[in-house]
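Order of the sequence lines fixes the chain letters, A, B, ..., with proteins taken first and strands second; residue numbering starts at 1 for each chain.
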There are 2 protein chains.
Amino acid sequence: MNAIVTMTSQELKPQRHSRASGRVTIVDVARLARVSPMTVSRALKTPALVQLEARDRIAAAIKQLGYVPNQAASTLASAKSQVIGVIVPSLSNSVFVDTLTGIRDSLNQHGYKFLIGESSYSPEKESQLISTYLAHAPDGFLLSGIEQQDALREQLATHNVPAVRMFDLNPENGEVTVGFSHEEAGYSIARHLIERGYRQPGFLGAQLDPRMMKRRHGFRKALSEAGINPDIEVLTPAPSTVELGTKMLGQILQQTPACDAVFCCNDDLALGVLFECQRRGLSVPGQMAIAGFNDLPWSAFANPGITTIVTPRYDIGFTAAQLLIKLLRHETPETTSVDLGFKLAIRSST
Amino acid sequence: MNAIVTMTSQELKPQRHSRASGRVTIVDVARLARVSPMTVSRALKTPALVQLEARDRIAAAIKQLGYVPNQAASTLASAKSQVIGVIVPSLSNSVFVDTLTGIRDSLNQHGYKFLIGESSYSPEKESQLISTYLAHAPDGFLLSGIEQQDALREQLATHNVPAVRMFDLNPENGEVTVGFSHEEAGYSIARHLIERGYRQPGFLGAQLDPRMMKRRHGFRKALSEAGINPDIEVLTPAPSTVELGTKMLGQILQQTPACDAVFCCNDDLALGVLFECQRRGLSVPGQMAIAGFNDLPWSAFANPGITTIVTPRYDIGFTAAQLLIKLLRHETPETTSVDLGFKLAIRSST
DNA sequence: CTGAAAGCGCTTACAG
DNA sequence: CTGAAAGCGCTTACAG
């Protein structure tokens with residue numbers, strides 16, 4: 001009777017600083033399973049260290065109560081968030097979506113989640129995103145490109161968060177990078193066009209991000225080496241789209257009517273060029289050869305199929321994530337710059 | 001002297017349970033700014049409640065120390081994560097990427113972050129993702145479609161997390177939904193084809209998700225009403241791609257050689273059909289009319305331009321996020337089912 | 001293999 | 001407008 005009275009008075013006068021969330025916690029599970037909270041924690045993280053019988057009782061209690069661990073509490077206590085920050089230039093470019101898929105497939109295997117940020121190709125925005133994400137105490141970062149701001153590098157160093165760069169190569173400094181040589185890719189497209197006999201190939205470049213400029217550089221280098229004028233080109237900072245491709249064909253033909261081939265810095269542009277050629281009655285590749293970049297899903301099925309560079313974007317994401325996990329485990333990767341290469345897919349458009 | 005000795009002995013014998021992270025905390029900022037940690041917290045969240053002078057000292061201290069608030073600690077203490085879980089069917093479909101952009105633009109204004117999950121059109125996977133995300137204590141969810149599993153509904157109810165559904169309408173139950181009528185969209189494409197005089201229009205359907213089936217239903221309804229055979233169709237559960245479109249044209253022509261128009265459940269398929277028509281020497285729209293769905297970025301620039309349904313996918317994301325924020329503030333939205341409509345873009349392909 | 005104690009870095013709920 | 005105390009729900013670092 002006394003006991004009941006006591007309970008009632010407790011209910012009427014809750015603790016002064018009480019702010020119970022009503023949420024099922026590890027303590028509730030522990031009580032039901034007749035173990036300590038610590039053992040529940042172990043059963044979840046390192047089951048091998050917990051007796052089978054206890055493990056079963058804990059599993060049953062978790063199920064019965066519908067327990068979901070509180071990630072915030074775990075992060076705070078362990079200083080490990082299991083979160084990776086990923087920064088890509090654009091989500092509307094399916095190239096980066098493929099990379100995210102690779103990252104996801106890799107990280108999921110190891111229990112990591114990731115936050116996705118879109119830098120819109122802006123180094124300033126990239127640095128801002130890093131600042132925001134640091135509040136979530138990410139265990140690591142996957143970044144796009146190797147041209148980050150100094151401020152960003154300092155932030156990473158200050159907070160001691162490892163990062164892996166994607167989409168390029170970085171043989172110079174010790175930063176871990178996974179990608180391929182954009183310069184060589186541009187070079188090989190030019191060589192292909194030259195070998196096919198095109199003598200006035202032009203370059204269509206959009207976005208003007210550093211990697212595109214490297215492709216352009218390789219393209220120009222091959223042309224110069226072959227004694228061909230490398231200055232037939234149209235450049236614009238606008239994002240590459242099919243619509244832009246339709247316009248750029250007009251522009252390059254106006255500048256150089258004898259232009260007989262174009263290397264588009266992305267397949268989007270190439271598709272626009274193809275449609276515009278059809279509209280103008282220019283045969284492809286007879287009157288105008290078209291080469292693209294990335295091998296987007298429709299490139300092989302266009303009419304004609306579009307010659308392009310096949311980029312290993314899924315593998316870049318997957319490999320970069322694997323490397324980052326190695327770094328997080330303080331394993332030393334064999335190499336800091338992984339070159340995944342590219343392939344030249346020759347199709348009917350050239 | 002004594003003091004120095006004391007300090008030294010403390011350094012040699014750290015506290016038994018010490019696990020200082022080395023991280024700059026709110027306490028460090030408070031000390032430097034000569035206020036309490038509570039005042040720093042207020043300066044960050046509700047600056048109006050803090051004296052201007054103190055605010056300036058705090059801002060200076062934050063800058064000097066490079067303080068970044070610990071999100072995990074904040075979430076744990078306040079039981080608010082400022083995180084929204086977003087589930088979309090697919091990231092390779094740019095439609096959903098556009099929606100994510102709308103969501104981001106809306107949530108960024110209000111300081112929310114979001115976790116993106118890809119359900120691959122699977123209700124089971126959707127439920128799993130929700131379970132995973134609940135560990136992050138999201139303040140709310142944005143879901144795709146209105147056909148969630150009962151288990152998912154229970155989870156949301158148990159954890160008392162509000163959700164807004166996207167891409168469809170839901171006049172039946174009280175669930176908050178933002179989208180448009182897929183049935184009406186399919187109906188209006190059929191009406192357009194009928195009015196143009198096509199008498200054997202076929203339907204090409206991929207993925208077979210609920211919304212596509214509603215479009216098909218509207219399409220068939222209009223044909224039946226007009227006394228036209230609605231059974232010319234090819235259906236496949238495979239994801240819609242340009243490659244698939246090239247194949248499906250062959251299939252429907254094999255079934256029904258006299259088929260004179262196709263409604264493709266997505267513009268990807270329509271582009272494949274267009275390329276395949278070109279390859280087979282079928283004039284568009286003379287021998288084969290093509291209609292698509294979504295108005296992907298290249299649809300207007302194809303040759304010919306592709307007639308399609310323009311879907312308000314960016315606005316769906318933006319509006320859904322706005323509505324969710326209202327729910328989180330316990331404001332009552334004027335309506336639970338927001339119809340953003342669609343537009344029929346008539347171009348040269350029909 | 002298990003558990004009691006302390007602490008992670010914030011915010012709530014008070015009290016002034 | 002400001003601050004001292006307690007607590008959020010975990011994990012670390014011990015000790016057995």
Task: Closest to side chain of B:Ser74, choosing from C:dT11, D:dC10, C:dG9 - done: C:dT11

Task: Spacing between B:Ile26 atom CD1 and C:dC8 atom C1', to the nearest angstrom - done: 14 Å

Task: Residues that B:Phe141 engages under ring pair (Phe, Tyr, Trp, His ring centres under 6.0 Å), provided they are two or more places apart - done: none

TODO: Check the side chains of B:Ser122 and B:Glu124 for a donor-acceptor pair under 3.5 angstrom, ignoring hydrogens and angles.
DONE: yes

Task: salt_bridge(B:Glu53, B:Arg34) N-O dist < 4.0 Å - done: no

Open item on the list: Rounding to an integer number of Å, can you tell me how far B:Arg23 CZ sits from C:dG7 P?
Closed with: 19 Å

Task: No-hydrogen, no-angle side-chain donor-acceptor test under 3.5 Å, A:Thr39 and A:Ser36 - done: yes

Open item on the list: Within the 3.5 Å criterion, strictly below it, is a donor on A:Ser92 or A:Ser90 matched to an acceptor on the partner's side chain?
Closed with: yes

Task: Residues forming a ring pair (Phe, Tyr, Trp, His ring centres under 6.0 Å) with A:Tyr133, sequence neighbours excluded - done: none

- [ ] Starting from C1' on C:dG3, measure out to CZ on A:Arg34 and report it in whole angstrom.
- [x] 16 Å

Task: Which nucleotides of DNA chain D pair, in dot-bracket form (Watson-Crick or G-U under 3.5 Å, | meaning another strand) - done: |||.||||||||.|||

Open item on the list: So if I take residues 35-48 of chain A and measure heavy-atom distances to DNA chain C, which residues fall below 4.0 Å?
Closed with: A:Val35, A:Ser36, A:Met38, A:Thr39, A:Arg42, A:Ala48

- [ ] Quickly work out the B:Leu76 CG to C:dG9 P distance and round it to whole Å.
- [x] 12 Å

- [ ] Figure out the CZ/P separation between B:Arg31 and D:dT2, and round it to whole Å.
- [x] 19 Å

- [ ] Using distance alone, with no hydrogens and no angle criterion, decide if B:Gln155 and B:Ser127 have a side-chain donor and acceptor under 3.5 Å apart.
- [x] no

- [ ] In whole angstrom, give the distance that lies between atom CG of A:Asp28 and atom C1' of D:dC8.
- [x] 13 Å

Which atom pairs, donor and acceptor, lie under 3.5 Å between side-chain atoms of residues 58-75 of chain A and protein residues at least two apart or in another chain?
| from | atom 1 | to | atom 2 | distance (Å) |
| --- | --- | --- | --- | --- |
| A:Asn70 | OD1 | A:Ala72 | N | 2.8 |
| A:Asn70 | OD1 | A:Ala73 | N | 3.1 |
| A:Gln71 | NE2 | A:Thr75 | OG1 | 3.4 |
| A:Gln71 | NE2 | A:Ser81 | O | 3.3 |
| A:Thr75 | OG1 | A:Gln71 | O | 2.9 |

Open item on the list: If I compare all heavy atoms of A:Leu152 with all of A:Gln148, which pair ends up nearest, and what's the gap?
Closed with: CD1-CG, 3.8 Å

Open item on the list: For B:Ile116, run the side chain to side chain contact (heavy atoms under 4.5 Å, CB included) check against B:Ile87, B:Leu100, B:Ile84, B:Leu142 and tell me which one passes.
Closed with: B:Leu100

TODO: Starting from C1' on C:dG9, measure out to CG on A:Leu134 and report it in whole angstrom.
DONE: 16 Å

Open item on the list: Does B:Leu91 form a side-chain contact (heavy atoms from CB on, under 4.5 Å) with A:Thr101? I'd like the steps, not just the answer.
Closed with: CA-CA 9 Å; B:Leu91 283 177; A:Thr101 304; 5.7 Å; no

Open item on the list: Please list, in numerical order, the residues of residues 49-64 of chain A that have a heavy atom closer than 4.0 Å to any atom of DNA chain C.
Closed with: A:Leu49, A:Val50, A:Gln51, A:Ala54

